[in-house]
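Here's the structure, in structure tokens; my notes come after.
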Amino acid sequence: MIAALPLPATLPTKTEGVLLRRAVVEDLSTLMSLLSDDPISASRVDRAVDTDEPALRAALIEVIDDPANDLLVVIAASGEAVGTMQLTRIPGMARRGSARLLIEAVRVRSTQRSNGIGSAMMRWVTDSAAPAVGASLVQLTSDKARTDAHRFYERLGFVGSHLGFKLAVPVS
């Protein structure tokens, strides 16, 4: 958990305010559901199946216990979890020793998209989280197939300035 993050936080959206808070182990099934509520993620094995639960539980605990990482959940007034994202603070030598805040696994429940939840999440990251952790740069990666997401991030001021590379390696 990144202790400096100002959480919990109420985020304004188009329809109502939502609560942004840290994920806890009891959120596992909800997080699995949010990650799999996306055709691209589902095609990459995020399917919210019971057989994945032990590995995902271990990963969630590892993220929660890591002082450079945080996994967040967005809760609607109804009590339903409607979003999630992972943040990682990365210290660095580049940019005169500047820290970066990496955003990963941003998801908004498909039935809740276009309600301003994603925009509120990203505004909180840039306006509150980044300054709180001393990050002068907020960065994210996005699958090339997510053209709607790219337009969304660009609308918020993010610039597609870099080309990312990935290499899958076997896990023992």
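Note: hydrogens, waters and symmetry copies are ignored here, and every other heavy atom, side chains too, is used. Note that the structure is predicted; figures quoted are calculated from it, not measured.
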Query raised in the report: Is there a path of hydrophobic side-chain contacts, each under 4.5 Å between heavy atoms of I, L, V, M, F, W or Y residues, that connects Val159 with Val138?
Result: no
**Report entry** Smallest separation among heavy atoms of Arg107 and Leu34, with atom names
**Finding:** CG-O, 3.7 Å
Report summary line: The side chain to side chain donor-acceptor pair (under 3.5 Å) partner of Glu104 among Asn69, Thr88, Thr141 is Thr141
**Report entry** Distance (rounded to the nearest 0.5 Å) between Ser142 OG and Asp148 CG
**Finding:** 10.0 Å
Query raised in the report: Are Leu140 and Val133 joined in one hydrophobic group, where the rule is that I, L, V, M, F, W and Y side chains link up if heavy atoms are under 4.5 Å apart?
Result: yes
Query raised in the report: Is a side-chain donor or acceptor of Ser128 paired with a backbone partner of Val125 at a separation under 3.5 angstrom?
Result: no
Query raised in the report: If you round to the nearest 0.5 Å, how far is CD1 of Ile61 from CG of Leu28?
Result: 8.5 Å
Query raised in the report: Taking Asp143 for the side chain and Ala145 for the main chain, is one N or O donor matched with an acceptor at less than 3.5 Å?
Result: yes
Requested in this report: Please assess Val73 against Leu31 for the test side chain to side chain contact (heavy atoms under 4.5 Å, CB included), listing each intermediate value before the final yes or no.
Outcome: CA-CA 8 Å; Val73 180; Leu31 292 165; 3.8 Å; yes
Report task. Any chance you could measure Thr84, atom OG1, to Ile75, atom CD1, to the nearest 0.5 Å? Result -> 9.0 Å
Report task. Determine the minimum heavy-atom distance between Met122 and Leu156, stating which atoms define it. Result -> CB-CD1, 3.6 Å
Query raised in the report: Going by the salt bridge (charged side-chain N to carboxylate O under 4.0 Å, His left out) test, which pairs reach into residues 70-93, not counting sequence neighbours?
Result: Arg22-Asp70, Glu80-Arg109
Report summary line: Closest heavy-atom pair, Gln139 versus Leu137, reported as atoms and distance to 0.1 Å, is OE1-CD2, 3.8 Å
Report summary line: Between Leu5 and Leu87, the two heavy atoms sitting closest are CD1-CD1, 4.1 Å
Query - Co-membership, hydrophobic cluster, residues Val108 and Leu11, 4.5 Å side-chain - result: yes
Query - For Leu20 against Leu7, the heavy-atom pair lying closest together - result: O-CD2, 3.6 Å
Query raised in the report: With a 4.5 Å limit on heavy-atom distance, are the side chains of Thr13 and Asn115 in contact?
Result: no
Query raised in the report: Going by atom types alone, do Asp37 and Ser110 pair a side-chain donor with an acceptor below 3.5 Å?
Result: yes
Query - From CG (Leu72) to CE (Met121), nearest 0.5 Å - result: 7.5 Å
Query raised in the report: For Val24, does its backbone N or O pair with a side-chain atom of Asp27 as donor and acceptor, under 3.5 Å?
Result: yes
**Report entry** Point-to-point distance, once rounded to the nearest 0.5 Å, from CG of Leu60 to CG of Asp65
**Finding:** 9.0 Å
Report task. Would you confirm whether Thr10, through its side chain, and Leu19, through its main-chain N or O, come within 3.5 Å as a donor-acceptor pair? Result -> no
Query raised in the report: Do Tyr153 and Val106 pass the side chain to side chain contact (heavy atoms under 4.5 Å, CB included) test, and can you show the C-alpha distance, the side-chain angles, and the key distance before you say yes or no?
Result: CA-CA 11 Å; Tyr153 293 129; Val106 177; 3.7 Å; yes
**Report entry** For Phe152 against Gly118, the heavy-atom pair lying closest together
**Finding:** CZ-C, 3.4 Å
Query raised in the report: Between Ser119 and Lys14, is a side chain to side chain contact (heavy atoms under 4.5 Å, CB included) present by the stated rule, with each step listed?
Result: CA-CA 10 Å; Ser119 295; Lys14 291 179 183 176; over 6 Å; no
Requested in this report: Hey, could you give me the OG/CZ distance between Ser136 and Arg100, rounded to the nearest 0.5 Å?
Outcome: 8.0 Å
